[in-house]
Amino acid sequence: MTTESGPNRHGYHTFALGEFRFERDECFAHVVWPKGRHLLPVDAFLRALQRDVAWGFFYGIVNFDGVIGTVNHYGTVDLFAGRFNAHYRKAGLDYTESFATPLIQRAFEAMLEDWTNAAFDPFASPAETGSALGPKNGSNKRAISRHRVTAKRMVGCPGDEPTRSDERGFPVNRHFADVEQDPPDVEPEPGFEGEVVAFNLFAYLSRSDVTWNPSVVSVCKGSLYCPTTEEYVLPVIHGNDRVEWFVQLSDEIHWEVEDRDSGALRARVVMKAGDVAAMPADIRHRGFSPKRSMLLVWENASPELPQLYATGKMPPVPVEF
Ligand code: PHB
Ligand code: FE
């Protein structure tokens, strides 16, 4: 997948994927396609790339910025330039290519590994990591291949994802020093001792070492609770292919909500602790969290949903007022 045998003068390999080419220098990721080229600050690019890789291309669209991104078709993935940008579309400069998921997954993983230097952790908040810039300087395999939390039933269930503790390498984050750590009291009826499980979600989240990374902590059929801790700016602009519910568990996040296809601004939503919002199926959004906060993202993973929304069989909002 690399185009040349050796690294460039900055120490980084160049990657080709179909007609796309990705190059990095000290500051930028350069993306080249048959009808154009684009550049992104490399720290922003790596933060977006890390999430796209770790999430298996997520639900719907992952925009790295207003130009570059991926569309998940659950088996194949479109890599695009300018496709969800009204101006690129109008000028005929947009370009899309489809890949089998394992192929683009492997290419993105190789690029993430080669372009991430030792000091930089793409999942960490900018205040808790070193710089991504400069010539090639080591690697950070540990940071980019973190275990992805995907509970089968619920965190804390026997044989399922464990809770977090100092001993397991998850200290309480600096912004969550006031979060109580007590486990809940569980008083099951006699005979049901092995079947009742509870855990302290606030304590669990206070010990997250990553930002903007929803992880599955409970599953009931297609209903997935995917809480996450947020600080600074969501590194991707997520284009929905279904409705997503947000429950702001602590602090505050500002959301910029745009039309999914054109990028036209639709709303600015300020969510404070306790607020609940449904993000429509036809928007894209980016969050801004002034201090580390806790957000519950509630996903419906039912595979039939994208088709129902795309064909208009379901309205893009869960309630009409
Ligand atoms: C989202 O696009 O819905 C999203 C992604 C990552 C987060 C939170 C929300 O951490
Ligand atoms: Fe989203």
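Remember, it's a predicted structure, so these values are computed and weren't measured experimentally. What's counted below: heavy atoms across the whole structure, side chains too, no hydrogens, waters or symmetry copies.
- Counting heavy atoms from C-beta outward, Leu295 and Val247 have side chains that stay 4.5 Å or more apart.
- In this structure, Lys291 places its NZ atom where more than 12 heavy-atom neighbours from other residues, nucleotides or ligands lie under 6.0 Å away.
- Remark: Ile283 CD1 to Arg266 CZ distance equals 7.5 Å, nearest 0.5 Å.
- Ring geometry for Tyr59 versus Tyr74: interplanar angle of 30 to 60°, hence tilted.
- Rounding to the nearest 0.5 Å places CG of Leu112 at 5.0 Å from CG of Leu49.
- Proximity of Val269 to Val257: side-chain heavy atoms (C-beta onward) are separated by under 4.5 Å at one or more points.
- Leu39 and Leu93 fall into different hydrophobic clusters, defined by Ile, Leu, Val, Met, Phe, Trp and Tyr side-chain heavy atoms under 4.5 Å apart, directly or through other members.
- By the side chain to side chain contact (heavy atoms under 4.5 Å, CB included) test, Pro316 is found to be paired with Ala281, Asp282, residues two or more places apart in sequence or in another chain being considered.
- A distance-only check finds no donor-acceptor pair linking the side chain of Glu193 to the backbone of Pro188 [under 3.5 Å].
- For the pair Gln248 (side chain) and Ser250 (backbone), a donor-acceptor distance under 3.5 Å is present.
- Side-chain atoms of Asn200 come within 3.5 Å of backbone N or O of Ala203 as a donor-acceptor pair.
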Working note: His238 + Phe58, criterion ring-ring contact (aromatic ring centres under 6.0 Å, His included); need CA distance, chi angles, decisive distance, verdict.
CA-CA 9 Å; His238 178 223; Phe58 209 37; 4.4 Å; yes

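- For the pair Pro227/Leu201, a side-chain contact is recorded, criterion being any heavy-atom separation below 4.5 Å from C-beta on.
- Cluster membership for Val236 and Val31, using ILVMFWY side-chain heavy atoms within less than 4.5 angstrom, is shared.
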Does the pair Asp78 and Arg83 meet the rule for a salt bridge (charged side-chain N to carboxylate O under 4.0 Å, His left out), with working shown?
CA-CA 10 Å; Asp78 293 346; Arg83 170 150 157 210; 2.9 Å; yes

Using the side-chain hydrogen bond (donor to acceptor under 3.5 Å, both in side chains) rule, take His13 and Asp114 through it: C-alpha gap first, then chi angles, then the decisive distance, then the call.
CA-CA 7 Å; His13 284 93; Asp114 191 69; 3.1 Å; yes

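- The pair Arg174-Glu128 counts as a salt bridge, with a side-chain nitrogen and a carboxylate oxygen less than 4.0 angstrom apart.
- A side-chain donor-acceptor contact under 3.5 Å links Glu161 to the backbone of Thr150.
- Asp166 has a carboxylate O that lies under 4.0 Å from a charged side-chain N of Arg207, or vice versa, which qualifies the two as a salt bridge.
- No side-chain donor-acceptor contact under 3.5 Å links Glu231 to the backbone of Thr229.
- The pair Arg286-Glu256 fails the salt-bridge criterion, with no side-chain N (NZ, NE, NH1 or NH2) lying under 4.0 Å from an Asp/Glu carboxylate O.
- Aromatic pair Trp33/Phe80: ring centres not closer than 6.0 Å.
- Screening Pro214, Cys226, Ser223 against Trp298 for a side-chain contact (heavy atoms from CB on, under 4.5 Å) leaves a single residue, Ser223.
- Salt bridge Arg21/Glu23: present, at least one basic N to carboxylate O contact under 4.0 Å.
- Looking only at distances, a side-chain donor or acceptor of Ser208 sits under 3.5 Å from a matching main-chain atom of Val210.
- In this structure, the side chain of Arg164 engages the main chain of Tyr204 through a donor-acceptor pair within 3.5 Å.
- No side-chain donor from either of Trp245 and Asn300 sits under 3.5 Å from a side-chain acceptor of the other.
- At least one side-chain heavy atom of Tyr95 sits under 4.5 Å from a side-chain heavy atom of Phe20.
- Using a 4.0 Å cut-off between a side-chain N of Lys or Arg and a carboxylate O of Asp or Glu, Arg9 and Asp25 do not qualify as a salt bridge.
- The backbone N or O of Lys152 lies less than 3.5 Å from a partner atom in the side chain of Asp160, making a donor-acceptor pair.
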Solution key, residues 61-68 side-chain donor-acceptor pairs under 3.5 Å, sequence neighbours excluded:
from, atom 1, to, atom 2, distance (Å)
Asn63, ND2, Ile237, O, 2.9
Asp65, OD1, Val67, N, 2.9
Asp65, OD1, Ile68, N, 3.0
Asp65, OD2, His38, NE2, 2.6

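- Counting heavy atoms from C-beta on, the side chains of Arg168 and Pro162 come closer than 4.5 Å.
- Using bins of under 30°, 30° to 60° and over 60° for the plane-to-plane angle, the ring pair Phe108/Phe57 lands in the tilted bin.
- Residues Phe288 and Trp255 form no side-chain contact, since every pair of their non-hydrogen atoms from C-beta on lies 4.5 Å or further apart.
- Rounding to the nearest 0.5 Å places CG of Asn85 at 11.5 Å from CG of Asp261.
- Using modelled atom types, one side-chain atom of Arg51 and one backbone atom of Arg47 make a donor-acceptor pair closer than 3.5 Å.
- At least one donor-acceptor pair closer than 3.5 Å links the side chain of Asn140 to the backbone N or O of Phe120.
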How far apart are the C-alpha atoms of Thr211 and Arg292, what are their side-chain angles, what is the distance that settles it, and do they pass the side chain to side chain contact (heavy atoms under 4.5 Å, CB included) test?
CA-CA 8 Å; Thr211 56; Arg292 207 175 186 91; 3.4 Å; yes

Check the pair Tyr309 / Gln307 against side-chain hydrogen bond (donor to acceptor under 3.5 Å, both in side chains), numbers first and verdict last.
CA-CA 5 Å; Tyr309 288 116; Gln307 180 71 4; over 6 Å; no

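- Within 6.0 Å of atom NE2 in His73, more than 12 heavy atoms from other residues, nucleotides or ligands are found, so the atom counts as buried in its surroundings.
- Open room surrounds NZ on Lys272; 12 or fewer heavy atoms of other groups in view lie less than 6.0 Å from it.
- With contacts defined as side-chain heavy-atom distances shorter than 4.5 Å, the pair Arg148/Asn213 qualifies.
- Criterion: ILVMFWY side-chain heavy atoms under 4.5 Å apart, direct or through other members. Under it, Phe170 and Phe199 are not part of a common hydrophobic cluster.
- Residues satisfying the side chain to side chain contact (heavy atoms under 4.5 Å, CB included) criterion with Asn117, sequence neighbours excluded, are Tyr12, Arg24, Lys136, Asn137.
- Asp275 contributes atom CG, which lies 9.0 Å from atom CD of Glu252 (distance to the nearest 0.5 angstrom).
- A salt bridge links Asp94 to Arg89: one of the charged nitrogens lies within less than 4.0 Å of a carboxylate oxygen.
- Residue Arg153 qualifies as open at atom CZ: its count of foreign heavy atoms under 6.0 Å is 12 or below.
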Check against side-chain hydrogen bond (donor to acceptor under 3.5 Å, both in side chains), Glu180 and Ser206
CA-CA 9 Å; Glu180 286 176 21; Ser206 73; over 6 Å; no

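- When ring centroids are compared, Trp212 and Tyr232 stay outside the 6.0 Å threshold.
- In this structure, Asn72 and Trp55 have side chains that are not in contact, with every pair of non-hydrogen atoms separated by 4.5 Å or more.
- Taken from CD1 in Ile253 to CE in Met294, the straight-line distance is 11.5 Å, to the nearest 0.5 Å.
- Between the CZ atom in Phe99 and the OG1 atom in Thr76 there is a gap of 10.5 Å [rounded to 0.5 Å].
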